[in-house]
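Please read these numbers as outputs of a predicted model, since none were measured by experiment. Just so it is clear: chains get the letters A, B, ... in the order the sequence lines come, proteins before strands, and each one is counted from 1.
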Amino acid sequence: MSYDHKAIEARWQKHWATEGIFRAEADPSRPKFYNVCMYPYPSGALHQGHVRNYTYGDLLTRYKTMQGFNVLSPMGWDSFGLNAENAAIKDGIHPRINTENNIDTMRSQIQQLGSMYDWDRELASHDPSFYRWDQWLFLELYQRGLAYKTAAPVNWCPKDQTVLANEQVVEGACERCGTPVVHKNLAQWFFKITDYADRLLDDIETLEHWPERVKTMQRNWIGRSEGARFDIEVDGGDSFDVFTTRPDTIFGMTFCVLAPEHPLVPSLIADSENEAEAREYIAAANRASELERMAEGDKTGVFTGKYAINPVNERRVPIYIADYVLMGYGTGAIMAVPGQDQRDWDFATKYGIEIIRTVQPPAGWEGEAYVGDGTTIHSGFLDGLERAEAITRITRWLEEQGIGEATIQYRLRDWLISRQRYWGCPIPMINCDNCGLVQVPEEDLPVLLPDIEDYLPKGRSPLAAVDEFVNTTCPECDGPAQRETDTMDTFVDSSWYFFRYADARNDEAIFDPEKPAYWMPLDQYIGGIEHAILHLLYARFITKVLYDMGLSSVEEPFMRLFTQGMITLEGAKMSKSKGNVVDPAGLFASHGADALRLYHLFMGPPTDDAAWNPNGIDGTRRFLERVWKIATEDYEFADHGADNADQEILGLAHRTVRKVTEDIDRFHFNTAVPALMVLCNEFSDYLSGSPRRETYEDVLRLLLLLLAPMTPHIAHELWEQKGYGNMLATEAWPTWDPELAKEESATLVIQVNGKVRDRIEVSADITSDQARELALGSDKIQSWIDGQEVKRVIARPPNLVNVVVG
RNA sequence: GCCCGGGUGGCGGAAUUGGUAGACGCGAGGGGCUUAAACCCCCUUGAGCCCUGACGGGCUCGCGUGGGUUCGAAUCCCACCCCGGGCACCA
């Protein structure tokens, strides 16, 4: 019988599903393993990135199951979002229909890959039974002061016609479509993630099994800066706050700068001789996209006509407006110290402002602003102090004067969650003329997303055009009121879905806290590196909120994070738009899911990007053919007792068990696969000699057990055909016998002065002295020594002897 | 500019963490099977050179570049070059 992958794969997929072997139930008597692949956005069909992800995930699910863990491996759909909506607009099909069709296609392909999930816990974020708990969670955050609505300058994507979170703006452009982002002043909903900045930063230390680079990216994103905040008076009334990390340089302040959006600006310029010029500058700054503002390079600004008083020396310094100061960071105002800050230096040089150095640069310094350490100069009572001491001293002085204090500033800003788009979870709030902002009562949840005809973006949510949706009555005063028409960022959904898996069918509550208390935290989370900041930071934040609410037993959701590399083709990322995707469906038919899985495991280090080689899968398919042949061929077994050949192949099999186990544990799948190939090659050689039945069966059993998590279909089929059992998935993972695994012999490499000059086969338990003797006894080595003095002999039995002569 | 990764055959990549560089696979070349091809099987495959009639065997170089440490370096240290990623007017 030949290897008919289609029949075998279909048969076992059906069998696993009907047996329900991956349905998980909490069981405190067993060690649990909660294993999640980041739930996919249902784009239409699986791409090789998904295949890679789910192959790794399923390998672990099966491996850990065989090791006796109670494994939970669920699957769901990140089904709300702009992609679905834009696709729907393009094709003229309602996003729900499109999305649900895509889910069906992808679910079926995931099953064809042989990936096993607990489908009883399947969830989709566009399903009202899921998003009602988004709404519930929103209201909880609102009640805790963690959700608020405010007018603020926000990032606006002119193409997608919606606002974006800071995290979704990449190099001044929309992360999704690349359109340059502009600033708008809009009333929007925010989650107060900044309240958790310190905890989010501190707890990164506890994430031992996260990739270092992801942790670094999160640290940079949170961007903690220590410094001081203090009050500066405007000559003639008013005052403003500034933040600085270098209060020690305060004597060098020769001007101040306010961001164009700073609230004090209008009154400052009101009756100034520069008013017209200033207004024009502010208007231009407002119009300019983020990209244009950055691209200018040259610092620009305008004098307000007003002066500020430096609190340490009463010096009068000019106040400027300049867009290199950002309203969103610190206080939107700075003390400018050109001597110690290159940006201030550039500005001062351009506008002819005085520069005073307050830190002594090193001898021979020819640079411009000096930002390094040094002794404080030209600074009154700070003179002669080193930086740290000067900072302490001036901060204490500011506190004594009652005008300032030490403070910590974060780069992280609050999470903007409103979206002016249709395909998302409606924000459950109502605007009442009498009562103001009113929550939708819990019993009225979910606020259903209505079916509409026209979901084209028009600069406001398409829901705003749906009277039946908008018009409602106020839950408090029963008067006429209007619903919020913005929807939530889909990253809200993905911030807690892994809790919901633990109790996915609960109609009474977001989940029963007892359920995730067993499963959480995730023992393994696998996904793309592109989520290093956005999703993983938001999910950590919401988990901490749930912890504070008493709903989560853990403060950190993801114990081990694995970020896989991308699949590339001819140097480019595979993507629909580039038209270079390799569709798994064709490969299921031509090579089979097992060959595809094995190729993904074999390709290269899982963390690295991997280049797709169209011929690579031929190799893994050939390997499976050989496995098939080994298992199904008829042999004439010899009657003799176990000889050398038997010992060798058994020893290799046990060493392979050890190697594969260790490699899976450290995520080195690309070296586990070759170990199996070597075993098969040697096994074939053994079988072409005079094999014994016992040895054959022992080695074959081990081979199939090791293949079970990687290529489950063929492994199950052969396991059953050989009569070893009818459900390999629940067999115990093999252990290796250290005695059998021991190498009998080794190659002793003999070097003279570090160069390999001879090799001798030796027994593996050779001693140092024996190795030494053998080395010096070798004719070849003697001819290399050639009468020279032997100075040292370094022996590392059984592998190496180095003879040092000269 | 700053912070991470990474440079090994024609290609993807191994190398027990300082001890035989190139496992395994792809590709390529040669041979077998076949009327022929595909499949499959066997051999060769880092570069240069040498010995031998042949079977075989040997030498030198070689892990981005240059230096260093060491009996011994792809692996550790210093400097530089290149590629990829992240952050970036953050006060």
Side-chain angles (χ1 to χ4, degrees), chain A residues 170-172 211-221 223-225 227 242-247 249 257 259 293-294 296-300 322-326 328-337 340-344 346-347 371 409-413 529-530 532-533 565-566 568 571 598-599 602-605 607-620 622-623 625-626 629 659 662 668 670-678 680-681 684 688 746-759 780 791-796 799-806:
Chain A
V170 177
E171 287 179 2
E212 209 47 51
R213 66 170 171 156
V214 175
K215 292 198 276 186
T216 306
M217 281 162 78
Q218 293 219 348
R219 276 189 203 105
N220 291 342
W221 191 263
R224 176 187 158 107
S225 297
V242 296
F243 170 74
T244 177
T245 54
R246 298 294 306 273
T249 64
V257 185
R293 262 170 85 156
M294 285 200 293
E296 264 168 27
D298 226 28
K299 302 268 175 299
T300 60
D323 64 7
Y324 81 91
V325 172
L326 310 174
Y329 184 77
T331 61
I334 61 162
M335 68 163 192
V337 185
Q340 270 74 232
D341 184 289
Q342 188 59 41
R343 293 156 299 178
D344 296 346
D346 293 342
F347 193 85
V371 300
Q409 190 64 47
Y410 294 95
R411 183 189 170 283
L412 182 71
R413 286 176 237 173
I529 185 69
E530 66 273 18
I533 296 171
M566 282 183 329
T568 60
L598 198 62
Y599 176 52
F602 182 53
M603 256 173 134
T607 40
D608 292 4
D609 287 354
W612 181 264
N613 176 355
N615 298 312
I617 190 172
D618 294 338
T620 52
R622 273 198 279 270
F623 168 71
E625 298 274 5
R626 281 204 300 279
K629 199 174 146 219
K659 170 87 177 144
E662 287 170 357
H668 285 206
N670 59 313
T671 52
V673 177
L676 290 167
M677 289 176 167
V678 169
C680 268
N681 293 343
S684 289
S688 65
T747 307
L748 179 70
V749 170
I750 308 166
Q751 301 178 329
V752 177
N753 286 347
K755 297 206 184 254
V756 178
R757 297 308 183 190
D758 200 7
R759 285 161 230 249
K780 281 188 193 163
K791 291 184 170 167
R792 266 175 88 182
V793 178
I794 291 133
R796 295 278 180 279
N799 293 316
L800 185 118
V801 172
N802 188 11
V803 182
V804 186
V805 300

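In plain terms, the two heavy atoms of A/Met335 and A/Val242 that are nearest each other are N-CG1, 3.8 Å. Taking each heavy atom of A/Val749 and A/Arg759 in turn, the nearest pair found is CG2-CG, 4.3 Å. Across all their heavy atoms, A/Ala532 and A/Val214 have their closest contact at O-CG1, 3.8 Å.
In this structure, the side chain of A/Asp344 engages the main chain of A/Val337 through a donor-acceptor pair within 3.5 Å. One N or O on the side chain of A/Asp609 and one on the backbone of A/Met566 form a donor-acceptor pair closer than 3.5 Å.
A glycosidic torsion no more than 90° from 0 defines the syn conformation, and B/U17 adopts it. Glycosidic conformation of B/G9: syn, with the torsion inside 90° of 0.
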With B for base contact, S for sugar-phosphate-only contact and - for none (protein heavy atoms under 4.0 Å), nucleotides 39-47 of chain B reads -SS------

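Nearest-nucleotide positions on RNA chain B place A/Val756 closer to the 5' end than the other of A/Thr620 and A/Val756. Residues A/Ala746 and A/His668 both approach RNA chain B. Their nearest nucleotides, taken by heavy-atom distance, put A/His668 toward the 5′ side.
Taking the side chain of A/Thr671 as heavy atoms from C-beta on, and the options B/A15, B/A91, B/C24, the nearest nucleotide is B/A15. For A/Arg213, whose side chain is taken as the heavy atoms from C-beta onward, the closest listed nucleotide among B/G86, B/C4, B/A23 is B/C4. Which of B/A91, B/C71, B/U60 sits closest to the side chain of A/Arg757 comes down to B/U60. Of the candidates B/U60, B/G27, B/U20, B/G27 carries the atom nearest the A/Asn615 side chain, counting heavy atoms from C-beta on. Distances from the side chain of A/Pro674 to the nucleotides B/C24, B/A91, B/U20 place B/C24 closest. With distances taken from any side-chain atom of A/Leu800 to the nucleotides B/C24, B/C59, B/G19, the minimum falls on B/G19.
Counting distance only, with no hydrogens placed and no angle test, the side-chain atoms of A/Asn802 and the base atoms of B/C71 include a donor-acceptor pair under 3.5 Å. If you check distances only, the side chain of A/Lys299 does reach the base of B/C89 with a donor-acceptor pair under 3.5 Å.
Pair check for B/C40 finds B/G32; Watson-Crick or G-U wobble, both atom distances under 3.5 Å. B/A91 is unpaired under the Watson-Crick or G-U wobble criterion, no partner having all donor-acceptor distances under 3.5 Å. For B/G84, the paired base is B/C4 (Watson-Crick or G-U wobble, both distances below 3.5 Å).
Using cut-offs of 30° and 60° on the angle between ring planes, the pair A/Tyr329 and A/Phe243 is perpendicular.
One interatomic measurement links the two molecules: CE of A/Met335 to P of B/A91, which rounds to 12 Å at whole-angstrom precision. Between A/Arg796 atom CZ and B/U16 atom C1' there is a gap of 15 Å when expressed in whole angstrom units. A/Arg413 has its CZ atom 12 Å from the P atom of B/A91, to the nearest Å. One atom, CG of A/Asn753, and another, P of B/A73, lie 11 Å apart when rounded to the nearest Å. Rounded to an integer number of Å, the gap from A/Gln218 CD to B/C3 C1' is 15 Å. The CG atom of A/Asn799 sits 12 Å away from the P atom of B/U17 (whole-angstrom rounding). Look at OH on A/Tyr329: it is 12 Å from C1' on B/C89, rounded to the nearest Å. As rounded to whole Å, 9 Å separates atom C1' of B/C89 from atom CG of A/Asp323.
Rounded to whole Å, the separation between the C1' atoms of B/G32 and B/G5 comes to 48 Å. Taking the P atoms as reference points, B/C87 lies 32 Å from B/C11, given to the whole Å. With C1' as the reference atom, B/G62 and B/G56 are 25 Å apart, rounded to whole Å. A gap of 39 Å separates the C1' atoms of B/C40 and B/G7, to the nearest Å.
For the pair A/Asn681 and B/G25, the criterion of a side-chain N or O lying under 4.0 Å from OP1 or OP2 is met. Listed pair A/Arg792 / B/C71 meets the phosphate criterion, a side-chain N or O lying under 4.0 Å from OP1 or OP2. Checking the phosphate oxygens (OP1, OP2) of B/G5, no side-chain nitrogen or oxygen of A/Thr607 falls inside 4.0 Å.
Geometrically, A/Lys299 engages A/Tyr324 in a cation-pi contact, judged by NZ or CZ lying under 6.0 Å from the ring centre and within 45° of the ring axis.
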Pair A/Asn670-A/His668, side chain to side chain contact (heavy atoms under 4.5 Å, CB included): steps then yes or no:
CA-CA 5 Å; A/Asn670 59 313; A/His668 285 206; 4.3 Å; yes

Salt bridge (charged side-chain N to carboxylate O under 4.0 Å, His left out) for A/Glu212 and A/Lys215? Distances and angles first, verdict last.
CA-CA 5 Å; A/Glu212 209 47 51; A/Lys215 292 198 276 186; 3.7 Å; yes

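A distance of 5.5 Å separates CZ in A/Phe623 from CG in A/Leu676, rounded to the nearest 0.5 Å.
At a threshold of 4.0 angstrom between heavy atoms, the contacts of A/Lys215 with the nucleic acid are absent. Within 4.0 Å (heavy atoms only), A/Lys791 reaches no atom of the nucleic acid at all. Among the protein residues, A/Gln342 comes within range of no part of the nucleic acid, since none of its heavy atoms lies under 4.0 Å from any strand. A/Thr244 comes within 4.0 angstrom of the backbone, heavy atoms only, and of no base. Heavy atoms of A/Val804 sit under 4.0 angstrom from primed sugar atoms or phosphate atoms, though from no base atom.
The neighbour count for A/Arg213 CZ, taken as heavy atoms of other residues, nucleotides or ligands under 6.0 Å away, does not exceed 12.
Within the 4.5 Å cutoff, the side chain of A/Lys659 has heavy atoms near those of the A/Thr671 side chain.
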Could you go over nucleotides 9-13 of chain B and give all protein N or O partners under 3.5 Å, atom names and distances?
unit_1	atom_1	unit_2	atom_2	d
B/G12	O2'	A/Met603	O	2.8

